[in-house]
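Each remark here refers to the structure printed beneath this line.
Every chain is numbered from 1, with letters handed out A, B, ... down the list of sequences. The figures that follow rest on heavy atoms only: side chains count, while hydrogens, waters and symmetry mates do not.
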There are 2 protein chains.
Amino acid sequence: MKKHDQDFMKRQNRLTVFEIIKNQQPISRASIAKQTGMSPTTISRIVGELTEEGYLLETEQVSPGGLGRKSTLLAMVDAAVLSVGVELDWHRIHIGIVDLQGNVIADGRYPRSANESADATIERIGAEIDRLTKANDIDCARLIGIGVGLPGIVDNAKGVVVFSVQLGWKNVRLAERLKEITGYDVAVDNELKVKALAEHLKGAAIGSNRTALLGFGNGVGSALIVEGEIYRGKTNSAGEIGHTTIDPNGMLCDCGKAGCLQTYININSLLSEANKLHPVRSIEELFEARRAGERWAMYLIDRALMYMAITINNIVCMYNPDSVILSGELADKFPEIVDEVVDLCYSRFAWEPLRESFQIVRSELHEQAVTIGSGLMSQNRFFSLE
Amino acid sequence: MKKHDQDFMKRQNRLTVFEIIKNQQPISRASIAKQTGMSPTTISRIVGELTEEGYLLETEQVSPGGLGRKSTLLAMVDAAVLSVGVELDWHRIHIGIVDLQGNVIADGRYPRSANESADATIERIGAEIDRLTKANDIDCARLIGIGVGLPGIVDNAKGVVVFSVQLGWKNVRLAERLKEITGYDVAVDNELKVKALAEHLKGAAIGSNRTALLGFGNGVGSALIVEGEIYRGKTNSAGEIGHTTIDPNGMLCDCGKAGCLQTYININSLLSEANKLHPVRSIEELFEARRAGERWAMYLIDRALMYMAITINNIVCMYNPDSVILSGELADKFPEIVDEVVDLCYSRFAWEPLRESFQIVRSELHEQAVTIGSGLMSQNRFFSLE
């Protein structure tokens, strides 16, 4: 019984019942039993737990038979559940209060200096959550937890930031420390994974069964959602496409290898290459120089776009998704490049047998995606859905 | 109820009950109910179906309580199930009779000329299966179906070979036509996917939860098994790493693009490059030339090994597996290269944060892997497990 140990079955059954109620409410116990094949005892246990925890209510409804017989139906208490979603990036923090449907009902943005210590950042997040909930009269009894999304390798089971080049963090016990400060359970994950979850549930990938999300910004990464679940891999590092080797004779990457994909695409690399020739302080200036016809800027950005198109093909060959979402600072700030990349991909790099198998779409939730996804992840964790 | 429609739940429940009985036999109905939370009605229905179909039997056993009370236990009828596994390659066909445990109880190998038509090949497979079962006194009532593994893109749901460069086939309705000839249900899939399934269940990856298999031979490909299931993607094409672009300025590939990974590794490409300088008729001759210190042979093979090491890193970054299996003609015929590739990978190409996350192992089932995997796939299909 490798795959189906008892705990797994219990969590799985709870998830199944929860999803059915959430999607089909109001619904009777009998209908849940019929759909799942579970015993009345199992269903009563799960419904009992969820009711006792305050997330379900029973309603009475006259049965459609018309004989006046009343049946008891189950429904979610939407208002009972709120969570905090936090996007943590090297230069800013975004905190939102997220409801059961993924709506952000209050939020705040806070700058962060690149050299702020992990301790200081975590304390500040705790203090800002406190301020945000008070300023918006949030009933804290309804808050079930905090989710944090950030760039880097995250041990999501332990809530530890294993390694983040962008934040300069290594083995930071984020979940534990933020829980000490706030009292709430904290779930932590890689920003692209929660972003993909948000786009899948609420954004550009609604209806998709296999979604690959690509992030082009400070760092290059991807995430895969398969039938509603994040594909994590063994150490929650699946999708680290930025460190796939694309040219063994290429430029050195900050990871110590040569020719990693991200050296051709990420903002820092583009700026550092540009500055060999010309002082360029921001990615906006680089794009302006390209529009002005400066050859060095055209070369750098054209090459980055080519590698983005190659990356789409490589992701499609590896994951065979039905949808590819383009996201990240470059796609968000310069939407004109998305069309160029899509054209390049189809005209030069897409492998013929898979040309028709996928669509390419832009992220829809943009700057809200990580916050919403983090909040929803926290709720999933709370309901023992993962 | 997107994920959990009723049919899905029914198949899932049948799979769960089947796996529990297969792995824990003999086992009582009560124990299955306790582990799964399913109702006695559901369990009785599933057990009834499987018993009626002849795959389960009931045994009586004195209960360990010692009061002489007998309880009824369920067990598999191992001998009731056999299937045919077929490996179809451009130059040969291997047919084996596979039992429920994945043992090959009889097999035969047959050469195939590269220009044999699809019709002729399929008819020959049918005739050889007939001859093999008769010659080995196989009780055909026990044969539940045929599985075929081959190189190329396969629509596994329809049993159609969509596209196979190696066989020169396009849209061949293999399952339908082989069923017309033999009368048996036929399951078809890509050779690397069934090979990965066999290694996962019976070979090098027993105990692994996330296995990536790499095949280096005529063509380069990969397959991913996640917790016992083949990851297929939308069109069953996941893992087509051979057509990921690794150098936009590289050599032309037979797919019409430039710089596909396989142009640096696959046997045909190596021979065609070598023959620009020197007449080389086989991959064995090329390796002999390398051992003799011929620079052109050393260059070509060293480059291929470097790209194999890069491929391991890229697969690890994308799939984050716990095990990587090296397989295919190059790894099987020239086992000495495996150590070289592993060294290269760890010393130059593995991304530091994931260095410790995976093991690299050689295929164990070698030339039997596709046949065993095809047979097991046919059994899975028969029991409605996929």
Side-chain angles (χ1 to χ4, degrees), chain A residues 1-4 6 9-10 13 16 19-20 23-24 33 35-40 42 153 162-163 209-210 222 226-228 231-248 255-257 260 306 310 313-314 317-322 348-349 351-354 357-358, chain B residues 1-4 6 9-10 13 16 19-20 23-24 33 35-40 42 153 162-163 209-210 222 226-228 231-248 255-257 260 306 310 313-314 317-322 348-349 351-354 357-358:
Chain A
M1 187 151 192
K2 198 169 85 186
K3 283 171 56 189
H4 295 279
Q6 267 179 268
M9 288 297 307
K10 275 193 180 167
N13 287 343
T16 304
E19 283 210 338
I20 289 175
N23 295 326
Q24 299 179 43
Q35 290 181 48
T36 59
M38 287 177 205
S39 69
T42 303
I153 296 185
V162 178
F163 183 63
N209 288 320
R210 287 168 195 82
S222 72
V226 183
E227 286 166 9
Y231 176 67
R232 301 186 174 283
K234 189 194 174 194
T235 57
N236 198 30
S237 299
E240 286 284 358
I241 197 168
H243 296 282
T244 56
T245 300
I246 194 79
D247 183 354
C255 77
K257 294 196 301 154
C260 288
M306 180 183 75
I310 287 175
N313 171 66
N314 292 1
C317 286
M318 296 284 287
Y319 290 154
N320 192 201
D322 56 33
R348 282 187 53 196
F349 297 108
W351 186 42
E352 192 61 33
L354 296 183
S357 68
F358 64 100
Chain B
M1 187 150 192
K2 197 168 84 189
K3 283 170 57 190
H4 296 279
Q6 268 179 269
M9 288 296 307
K10 275 191 179 165
N13 287 343
T16 303
E19 283 210 338
I20 289 175
N23 295 326
Q24 299 180 44
Q35 290 180 48
T36 61
M38 288 178 203
S39 70
T42 303
I153 296 184
V162 178
F163 181 64
N209 288 321
R210 287 168 193 83
S222 71
V226 183
E227 287 167 7
Y231 176 67
R232 302 186 173 285
K234 189 194 174 194
T235 58
N236 198 29
S237 300
E240 286 285 358
I241 196 168
H243 296 282
T244 56
T245 300
I246 195 78
D247 182 355
C255 77
K257 295 195 301 154
C260 289
M306 179 184 76
I310 287 175
N313 172 66
N314 292 1
C317 286
M318 296 285 285
Y319 289 154
N320 191 200
D322 56 35
R348 282 186 55 195
F349 297 109
W351 185 43
E352 192 59 34
L354 296 183
S357 68
F358 64 100

For B/Thr245 and A/Asn314 the tightest heavy-atom approach is N-OD1, 2.8 Å

Note: B/Lys257 and A/Trp351 closest approach over all heavy atoms is CE-CA, 4.1 Å

Honestly, the part of B/Ile246 sitting under 4.5 Å from a heavy atom of chain A is both

Would you say B/Asn13's side chain and A/Met38's backbone share a donor-acceptor pair under 3.5 angstrom?
no

d(A/Asn320 CG, B/Asn236 CG) to nearest 0.5 Å is 7.5 Å

What one should report as the nearest heavy-atom pair of B/Tyr231 and A/Tyr319 is OH-O, 2.8 Å

Bottom line for A/Leu354: the part with an atom under 4.5 Å from chain B's heavy atoms is side chain

Smallest heavy-atom separation, A/Pro353 atom then B/Ile153 atom, equals CB-CD1, 3.5 Å

Pair count under 4.5 Å, heavy atoms only, with chain B: among A/Pro321, A/Gly239, A/Cys255, highest is A/Gly239

Applying a strict 4.5 Å limit to non-hydrogen atoms, the region of B/Val226 in contact with chain A is side chain

Rounded to the nearest 0.5 angstrom, the CE-OG1 distance for A/Met318 and B/Thr244 is 7.0 Å

Heavy atoms of A/Lys234 and B/Arg210 approach each other most closely as N-CD, 3.5 Å

Side chain to side chain donor-acceptor pair (under 3.5 Å) filter on B/Thr42, not counting sequence neighbours, yields B/Ser39

The interface call for B/Asn313 against chain A, heavy-atom contacts under 4.5 Å, is side chain

